[in-house]
**Q** 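Dropping a structure here in structure tokens format, bear with me for questions.
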Amino acid sequence: MIATNTLKLLELDKITKAFGDYSVISELNTAVKPGERVGLIGPNGAGKSTLLKIIAGIIPKDSGELRIEDQLVQKKNNEFAKSRVAYLPDEPPLYDLLNANEYLEYTAALWRIPIESVEAKIKELMKRYQMTDVSSLWIKNYSKGMRQKLGLISVLFRGSPLLLLDEPFTALDTDAVDTTIQYLQDRALVHGSMIVSHDLDLLEQVVDRAIVLNKGRIIAEFPSCINLKEQYENAKRRFQLEDVSVQN
Ligand SMILES: Nc1ncnc2c1ncn2[C@@H]1O[C@H](COP(=O)(O)OP(=O)(O)OP(=O)(O)O)[C@@H](O)[C@H]1O
């Protein structure tokens with residue numbers, strides 16, 4: 001068993017990524033401790049989604065080192081990294097010709113999780129997100145909010161040590177927002193997380209601290225998220241960030 005108090009859940013050391021000549025992430029260093037919830041904020045195009053994709057192993061970094069639970073992530077142990085991380089992109093990767101039950105079974109199989117071990121958890125999440133009644137409906141007939149709820153359920157049921165969420169609140173109704181907040185606040189359910197959101201009022205409720213990214217670099221770190229919006233406004237003034245992407 002891993003002694004979680006002695007390791008870093010996630011460590012990024014000089015992570016760099018460019019698309020062609022365009023540098024998106026520049027020598028970025030940061031770490032997340034087990035159980036820590038970190039908000040990732042910054043203007044449009046700052047590199048937030050790219051960073052989550054690199055951590056999730058969706059796109060390769062150009063250089064730098066990435067460690068998950070103190071293990072260096074390389075191509076050869078990519079499977080280990082993937083087993084520790086649950087990642088939800090801003091548009092959930094669903095399959096239109098499956099229904100929710102089939103999709104969640106498929107997701108469990110993909111992550112080699114015996115469906116019997118997560119059936120109760122899935123049922124509970126479907127109920128909490130008011131999705132039980134539409135569980136047999138083809139996903140192609142889902143609304144945007146229903147797609148987002150199913151995407152959230154598909155990562156939350158896994159109970160992975162590191163949860164990466166890109167704009168989790170998009171398209172959710174107020175009940176679903178409340179459910180998501182309650183879930184993310186529960187340390188017994190969500191162990192560690194990195195969450196990207198432009199909605200700082202919601203983000204403030206589910207993270208312990210926040211990192212501000214601009215042009216692929218961390219320009220500010222807030223050790224506490226009290227008055228996150230105000231802290232971000234101050235940082236924007238200090239660093240003369242041009243884009244105002246915060247929702248009011
Ligand atoms: N596959 C790609 N090919 C080329 N450029 C890309 C690619 N993916 C992202 N970019 C560029 O990298 C930069 C960072 O994009 P990214 O999506 O990480 O930003 P973001 O901080 O998540 O922005 P937003 O708040 O708008 O979602 C942008 O300029 C984007 O155009």
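Note that the numbering runs from 1 along the sequence shown for the chain. All ligand and atom numbering here is 1-based and tracks the order in the structure. This one's a predicted model, so the numbers in the text were calculated from it and none came from an experiment.
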**Q** For Ala46, take its heavy atoms, then give the atoms of ligand 1 lying under 4.0 Å from any of them.
**A** 19 (O), 20 (P), 21 (O)

**Q** Will you find, in the side chains of Tyr87 and Ser160, an N or O donor that is under 3.5 Å from an N or O acceptor?
**A** no

**Q** Please determine whether a side-chain nitrogen of the Lys or Arg among Arg128 and Glu124 lies less than 4.0 Å from a carboxylate oxygen of the Asp or Glu.
**A** yes

**Q** If you measure from the Lys or Arg side-chain nitrogens to the Asp or Glu carboxylate oxygens, is any gap between Glu204 and Lys229 under 4.0 Å?
**A** no

**Q** What part of Glu167, side chain, backbone, both or neither, has a heavy atom within less than 4.0 angstrom of ligand 1?
**A** neither

**Q** What part of Asn44 sits under 4.0 Å from ligand 1 if we count only heavy atoms: the side chain, the backbone, both or neither?
**A** both

**Q** At a 4.0 Å threshold, what atoms of ligand 1 neighbour a non-hydrogen atom of Val24?
**A** 12 (O), 13 (C), 14 (C)

**Q** Hey, does the side chain of Lys48 reach the backbone of Gly42 with a donor-acceptor pair shorter than 3.5 angstrom?
**A** yes

**Q** So, regarding Phe19 and ligand 1 (criterion: nitrogen or oxygen to nitrogen or oxygen, under 3.5 Å), is there a contact or not?
**A** no

**Q** Are more than 12 heavy atoms from other residues, nucleotides or ligands located less than 6.0 Å from atom NZ of Lys121?
**A** yes

**Q** Can you tell me how the ring of Tyr95 sits relative to the ring of Tyr106, calling it parallel under 30°, perpendicular over 60° and tilted otherwise?
**A** perpendicular

**Q** Which atoms of ligand 1 sit under 4.0 Å from any heavy atom of His198?
**A** 25 (O)

**Q** Just which atoms of ligand 1 are under 4.0 Å from any heavy atom in Tyr22?
**A** 29 (O)

**Q** Examine Gly47 against ligand 1 and note whether any of their N/O atoms are separated by less than 3.5 Å.
**A** yes

**Q** Ignoring hydrogens and geometry, is there a side-chain-to-backbone donor-acceptor pair from Lys14 to Glu65 under 3.5 Å?
**A** no

**Q** For Pro43, take its heavy atoms, then give the atoms of ligand 1 lying under 4.0 Å from any of them.
**A** 21 (O)

